[in-house]
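A short write-up of the structure that comes next.
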Amino acid sequence: MGGGSTGSSWRKELGKWFVLSGAITLVLVIFQFTIGGWPGPKQALVDFVLGFLFCWMISAACWLLIPIVAHRVWNRPLIRWAALLATMLVCAVFGTAAAIAILGVATRQPFRTLVTGFRENIQGTTTVTVVVGVLLVLFESTKSRLQTTELSLRTQQLERERAEKLAAEAQLASLSSRVQPHFLFNTLNSISALVRDDPAKAELMIERLSALLRSSLDGPDEVQVSQELKLVSDYLEIQQVRLGDRLRFEITTDPDARGRIPPFSLQTLVENSLRHVGSKRPEGVAVRVRARAAGPDLVLEVTDDGPGFDPDRMKAGHGLDTLAGRLRALYGERATLDFRRAPGAMTVEVRVPST
């Protein structure tokens, strides 16, 4: 029984990586066709098969090595990401070399040609491996944390105060680690294009994405407002690569604006504007972000030039509603989430104690 269960689990994990490799290859090939044009069905099939070979060999190496490394370093925050990133780079190099070797044997190419092929592909494969690898580690970590929280909630149902606290923690973990899958895949596509056309900008985009991922994975219950503004700036810069002139934004901070806020508070407000205004209008959206002091309080404002929305129609458990719950859990009645609609503008304001 034990051997059969282990074998089934092994086949399930292998199948998951197989499907993931196919999905990543399909996304990258489609994006390549979008940039370079449709090459015809025969060449499209060849591109997909070659891309899948590279992706599968790298994925196989990651499937074998990353769980081993993660198990050893996960409880050591100082070296966790350094070890995981180093392992991803090793897997990218090994997988690329293995794929080139297989192609060389199949086509009987000389060794010099294989070396050239390795040099031409290694930059792109390492970039995609690091980005996808970080996203998957983040996803598995978030999934594990949420499962643990849910189990705790079920086992503490008789302790009302404890259950309410765990529910608040679950909301915090859910929102602070939430980076929308469609945003991540669109960002990956943008980075893939930049690797070819503007490697320096691709490197900068990876750094900004890494900052978002670090904040969502390891963030505390509260962060300095300056840190949150930096995170929002990274988020908007990434989105601007995708949206171009359809996204205009401005971030201002008053000199006396100081304090701590829940992580991803501003990002939630900005994401709401981009999703409900920027994605629905050909002209896009203009977003203004401001942090200011108001007596003993810190005030954060996000204004867009959209038609506005009805706060009473917010969906429970999503976006702004979840943010309102986080504010109540952390500050009680001392925090507010207000909405102001004006002709051609909608402002969402968060007010929290500055001390």
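Heavy-atom basis, side chains included; hydrogens, waters and symmetry copies ignored.
For Glu237, the salt bridge (Lys or Arg N to Asp or Glu O under 4.0 Å) partners at least two apart in sequence or on another chain are Arg208. Considering only residues two or more places apart in sequence or on other chains, Thr303 meets the side-chain hydrogen bond (donor to acceptor under 3.5 Å, both in side chains) condition with Thr347.
Between Met57 and Ala98, the shortest heavy-atom contact is CE-CB, 3.5 Å. Across every non-hydrogen atom of Asp297 and Arg351, the tightest pair is OD2-CD, 3.4 Å. Looking at every heavy atom in both residues, Ala92 comes nearest to Ile122 through O-CD1, 4.2 Å. Nearest heavy-atom pair, Leu327 versus Pro262, reported as atom, atom and distance to 0.1 Å: CD2-CG, 4.0 Å. Considering every non-hydrogen atom in both Gly22 and Phe48, the closest pair reads O-CE1, 4.0 Å. The two atoms that bring Leu229 and Ala291 nearest to each other are CD1-CB, 4.2 Å, heavy atoms only.
For the pair Thr252/Val289, no side-chain contact is recorded, criterion being any heavy-atom separation below 4.5 Å from C-beta on. Looking at heavy atoms from C-beta onward, Leu135 lies in side-chain contact with Val131 at the 4.5 angstrom threshold. In this structure, the side chains of Glu349 and Val299 come closer than 4.5 Å at one or more pairs of heavy atoms. Side-chain contact between Val232 and Leu269: absent, with no pair of heavy atoms (C-beta onward) separated by less than 4.5 Å. With contacts defined as side-chain heavy-atom distances shorter than 4.5 Å, the pair Met346/Pro307 does not qualify. When side chains are defined from C-beta on, Thr116 does not count as touching Leu114, because their heavy atoms never get closer than 4.5 Å.
In summary, Glu301 and Arg340 engage in a salt bridge, as defined by a charged side-chain N under 4.0 Å from a carboxylate O. A salt bridge does not link Lys230 to Glu228: none of the charged side-chain nitrogens sits closer than 4.0 Å to a carboxylate oxygen. Comment: Arg246 does not engage Glu283 in a salt bridge, judged by the lack of any side-chain N to carboxylate O separation of less than 4.0 angstrom. Between Asp254 and Arg290 there is a salt bridge, since a side-chain N of the basic residue sits under 4.0 Å from a carboxylate O of the acidic one. Arg281 has a carboxylate O that lies under 4.0 Å from a charged side-chain N of Asp305, or vice versa, which qualifies the two as a salt bridge.
For the pair Ser265 (side chain) and Ile261 (backbone), a donor-acceptor distance under 3.5 Å is absent. The backbone N or O of Val93 lies less than 3.5 Å from no partner atom in the side chain of Thr96, so there is not a single donor-acceptor pair. Side-chain atoms of Ser354 come within 3.5 Å of backbone N or O of Pro296 as a donor-acceptor pair. A donor-acceptor pair under 3.5 Å is formed between the side chain of Asn121 and the backbone N or O of Gly117. Checking side-chain atoms of Arg260 against main-chain N and O of Glu222 turns up a donor-acceptor pair under 3.5 Å.
Taking CZ of Phe249 as the reference point, atom CG of Leu274 lies at 10.0 Å (rounded to 0.5 Å). Atoms OG1 and CG, on Thr25 and Leu53 in that order, are 9.5 Å from each other to the nearest 0.5 Å. In this structure, the separation between OG on Ser273 and CG on Leu247 is 10.0 Å, given to the nearest 0.5 Å. For the atom pair CD1 of Ile100 and OG1 of Thr125, the computed distance is 8.5 Å after rounding to the nearest 0.5 Å. Going from atom CD1 of Ile251 over to atom CZ of Arg288 covers 13.0 Å, rounded to the nearest 0.5 Å. We find the CD1-OG1 distance between Ile206 and Thr127 to be 4.5 Å, quoted to the nearest 0.5 Å.
Counted within 6.0 Å of CZ on Phe94, heavy atoms from surrounding residues, nucleotides or ligands total 12 or fewer; the atom is thus considered open. Within a 6.0 Å sphere centred on CD of Gln224, heavy atoms belonging to other residues, nucleotides or ligands number more than 12. Residue Arg341 places its CZ atom among more than 12 non-hydrogen atoms of other residues, nucleotides or ligands, all under 6.0 Å distant.
Under the 4.5 Å side-chain heavy-atom criterion for ILVMFWY residues, no single connected hydrophobic cluster contains both Leu65 and Trp63. With hydrophobic clusters built from ILVMFWY side chains whose heavy atoms lie under 4.5 angstrom apart, Val132 does not share a cluster with Ile58. Taken together through direct or relayed side-chain contacts under 4.5 Å among Ile, Leu, Val, Met, Phe, Trp and Tyr, Leu85 and Ile79 form part of one hydrophobic cluster. Ile24 and Leu136 fall within a single hydrophobic cluster, where Ile, Leu, Val, Met, Phe, Trp and Tyr side chains are chained together by heavy-atom contacts under 4.5 Å. Clustering ILVMFWY residues whenever any of their side-chain heavy atoms sit less than 4.5 angstrom apart, transitively, puts Val90 in a cluster other than the one holding Ile66.
Remark: the Gln240 side chain and the Tyr235 side chain contain no N/O donor-acceptor pair separated by less than 3.5 Å.
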*asked:* For a side-chain contact (heavy atoms from CB on, under 4.5 Å) check, start with the C-alpha distance between Asn272 and Val270, then their side-chain angles and the critical distance, and finish with the verdict.
replied: CA-CA 5 Å; Asn272 183 73; Val270 171; over 6 Å; no
*Steps toward side-chain contact (heavy atoms from CB on, under 4.5 Å) verdict (Phe339, Leu320)*: CA-CA 11 Å; Phe339 307 86; Leu320 299 179; 3.8 Å; yes
*asked:* Working note: Val69 + Val73, criterion side-chain contact (heavy atoms from CB on, under 4.5 Å); need CA distance, chi angles, decisive distance, verdict.
replied: CA-CA 6 Å; Val69 175; Val73 303; 4.2 Å; yes
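Phe54 pairs in a side chain to side chain contact (heavy atoms under 4.5 Å, CB included) with only one of the listed residues (Leu103, Thr129, Val128, Ile102), which is Leu103.
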